[in-house]
J.: 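Provided herewith is a single structure, encoded as structure tokens, for subsequent inquiry.
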Amino acid sequence: MKRRIRRNVATRLGKKPPADIKEPQPKSYKLIYQAWGALMAITICLGVYFHSSAENRVVYNQTHNLQPLTSSETSNVVFTEPIELEGRRNLQVSVSAPVDNSWAWVGGDFINEESGMVEEFELPIEYYYGVEGGESWSEGDKTNDIYISSLPAGRYTLRLEFQWEHFSSPLPITVTVTQGIARTSQLVLAMLGISIIPIALFMNQKGWWDKL
């Protein structure tokens, strides 16, 4: 009651009343922030562990010296020797080619020799450059890669199909298959996922939601 009277007197005298003391942070907020900190620490530790223990085993690496094609509608198809894949290991397929203001395309199938299961993928390669308005520019890259979820353990034949823009000229394309790759993007997504609620609470405390 005394505090309210003081504020009224200060208002009548034309003085600005003292700012209210901020209320202590709710206990539930503190618990959420503490849980978030613990989860972040666990996630980072797991990320470091999986990156350090990643197998990164190259199961296929071959440069295919492709001979000229008869037309742009045809393609060059190659079947590889069987490769052995372990279970519960993701795959990274990487391709590279010396394309120069042109494109190339690689399609592939992992064919399980026992079950006949087929896992498809395709990878375009494009690299263009030039000068416009006195400034140089470039677009694309001479390499590309794709990640594939783990396949059942077993022997696989890799069917590769190639097409390229300058089909009347030969072109070397290198294909590399690596198993057991640790992906940094997965760690980043996990950290963002567990940070959504703490960030929302922080913005609410600062009153930023009202300004949006």
Side-chain angles (χ1 to χ4, degrees), residues 43 45-128 139-193:
T43 302
C45 290
L46 288 175
V48 172
Y49 169 76
F50 284 120
H51 274 72
S52 61
S53 61
E55 187 178 5
N56 293 334
R57 183 172 66 98
V58 177
V59 296
Y60 182 80
N61 183 35
Q62 182 69 44
T63 297
H64 299 272
N65 295 302
L66 306 174
Q67 298 304 308
L69 300 174
T70 56
S71 71
S72 60
E73 302 298 325
T74 58
S75 60
N76 193 314
V77 177
V78 174
F79 287 89
T80 71
E81 294 294 326
I83 57 178
E84 195 76 29
L85 297 182
E86 298 178 5
R88 300 180 181 179
R89 300 287 190 278
N90 66 343
L91 294 169
Q92 181 192 47
V93 182
S94 303
V95 296
S96 62
V99 289
D100 187 39
N101 269 329
S102 62
W103 58 265
W105 176 85
V106 181
D109 301 305
F110 286 95
I111 306 172
N112 189 298
E113 292 191 341
E114 295 180 0
S115 66
M117 184 199 74
V118 177
E119 180 69 27
E120 302 178 356
F121 68 87
E122 60 179 53
L123 283 166
I125 314 171
E126 297 178 308
Y127 182 67
Y128 297 92
E139 183 178 62
D141 204 341
K142 296 183 180 182
T143 63
N144 198 0
D145 58 58
I146 190 173
Y147 292 91
I148 300 175
S149 300
S150 60
L151 299 176
R155 289 167 61 86
Y156 288 79
T157 296
L158 186 57
R159 178 189 179 276
L160 298 171
E161 183 176 0
F162 304 93
Q163 288 183 320
W164 58 101
E165 184 174 4
H166 303 310
F167 62 89
S168 59
S169 300
L171 181 71
I173 298 182
T174 301
V175 180
T176 304
V177 180
T178 308
Q179 189 171 37
I181 295 290
R183 299 181 61 183
T184 304
S185 60
Q186 293 178 335
L187 175 62
V188 173
L189 289 175
M191 294 173 66
L192 289 175

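By convention here, the first residue in the shown sequence is residue 1.
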J.: Looking only at heavy atoms, what is the nearest atom pair of Pro98 and Pro172, with distance?
T.: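 Minimum heavy-atom separation between Pro98 and Pro172: CD-O, 3.2 Å.
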
J.: Sequence neighbours left out, what passes side-chain hydrogen bond (donor to acceptor under 3.5 Å, both in side chains) with Thr178? Give chain and number order.
T.: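 Once residues adjacent in sequence are excluded, Thr178 has no partner under the side-chain hydrogen bond (donor to acceptor under 3.5 Å, both in side chains) criterion.
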
J.: Any heavy-atom pair between the side chains of Leu171 and His166 that's under 4.5 Å?
T.: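 Heavy-atom side-chain distance check fails, nothing below 4.5 Å.
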
J.: Would you say that Phe110 contacts Val177 through its side chain, given a criterion of any heavy-atom pair below 4.5 Å between the two side chains?
T.: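 Yes, their side chains come closer than 4.5 Å.
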
J.: Just how far is it from atom OG of Ser169 to atom CD of Gln67, taken to the nearest 0.5 Å?
T.: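 Separation between the atoms: 11.0 Å.
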
J.: Quick one: closest heavy-atom pair of Ser168 and Pro68, and the distance?
T.: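 Result for this residue pair: O-CB, 3.4 Å.
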
J.: Taking all atoms of both residues into account, what is the closest heavy-atom pair of Asp109 and Phe121, and its distance?
T.: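 Taking every non-hydrogen atom into account, N-CE2, 4.1 Å.
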
J.: Nearest 0.5 Å, please: how far is CD1 in Ile125 from CG in Leu123?
T.: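 Reported value, rounded in 0.5 Å steps: 7.5 Å.
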
J.: What residues, two or more places apart in sequence or in another chain, satisfy side-chain contact (heavy atoms from CB on, under 4.5 Å) together with Ser149?
T.: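 For Ser149 there are no side-chain contact (heavy atoms from CB on, under 4.5 Å) partners, ignoring immediate neighbours.
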
J.: Which residues satisfy the ring pair (Phe, Tyr, Trp, His ring centres under 6.0 Å) test with Phe162, sequence neighbours excluded?
T.: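 So Phe162 forms a ring pair (Phe, Tyr, Trp, His ring centres under 6.0 Å) with His64.
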
J.: Tell me the side chain to side chain donor-acceptor pair (under 3.5 Å) pairs involving residues 91-108, sequence neighbours left out?
T.: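 Pairs touching residues 91-108 that pass the test: Gln92-Tyr147, Asp100-Tyr129.
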
J.: Is there a donor-acceptor pair under 3.5 Å between the side chain of Trp164 and the backbone N or O of Val99?
T.: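 No, Trp164 side chain to Val99 backbone: no donor-acceptor pair under 3.5 Å.
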
J.: Heavy-atom distance under 4.5 Å between the side chains of Asp145 and Val95, does that happen here?
T.: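 No. Closest side-chain heavy atoms not under 4.5 Å.
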
J.: Mind listing the closest non-hydrogen atom pair of Ala153 and Asn112 along with its distance?
T.: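 So the two residues come closest at O-ND2, 4.5 Å.
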
J.: Just verifying a value: how many Å separate Gln179 CD and Leu91 CG, rounded to the nearest 0.5 Å?
T.: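 Gln179 CD to Leu91 CG: 5.0 Å, rounded to 0.5 Å.
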
J.: How long is the straight-line distance from CD of Glu114 back to CZ of Arg155, given to the nearest 0.5 Å?
T.: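 Answer rounded to 0.5 Å: 8.5 Å.
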
J.: Apply side chain to side chain contact (heavy atoms under 4.5 Å, CB included) to residues Leu160 and Gln62 and explain how you reach the verdict.
T.: CA-CA 11 Å; Leu160 298 171; Gln62 182 69 44; over 6 Å; no

J.: I need the Ile173 CD1 to Lys142 NZ distance, nearest 0.5 Å.
T.: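 One gets 13.0 Å once the value is rounded to the nearest 0.5 Å.
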
J.: Does Tyr60 have any ring pair (Phe, Tyr, Trp, His ring centres under 6.0 Å) partners at least two apart in sequence or in another chain, and if so, which?
T.: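 Result, ring pair (Phe, Tyr, Trp, His ring centres under 6.0 Å) vs Tyr60: none returned.
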
J.: Return the CD to CZ distance between Glu86 and Arg57, rounded to the nearest 0.5 Å.
T.: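 One finds 4.5 Å between CD of Glu86 and CZ of Arg57.
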
J.: What pairs of donor and acceptor atoms, side-chain ones from residues 73-85 against any protein atom, are under 3.5 angstrom apart with sequence neighbours left out?
T.:
{"residue": "Thr74", "atom": "OG1", "partner": "Ser71", "partner atom": "O", "Å": "2.8"}
{"residue": "Ser75", "atom": "OG", "partner": "Glu161", "partner atom": "OE2", "Å": "2.8"}
{"residue": "Thr80", "atom": "OG1", "partner": "Leu158", "partner atom": "N", "Å": "3.1"}
{"residue": "Thr80", "atom": "OG1", "partner": "Leu158", "partner atom": "O", "Å": "3.4"}

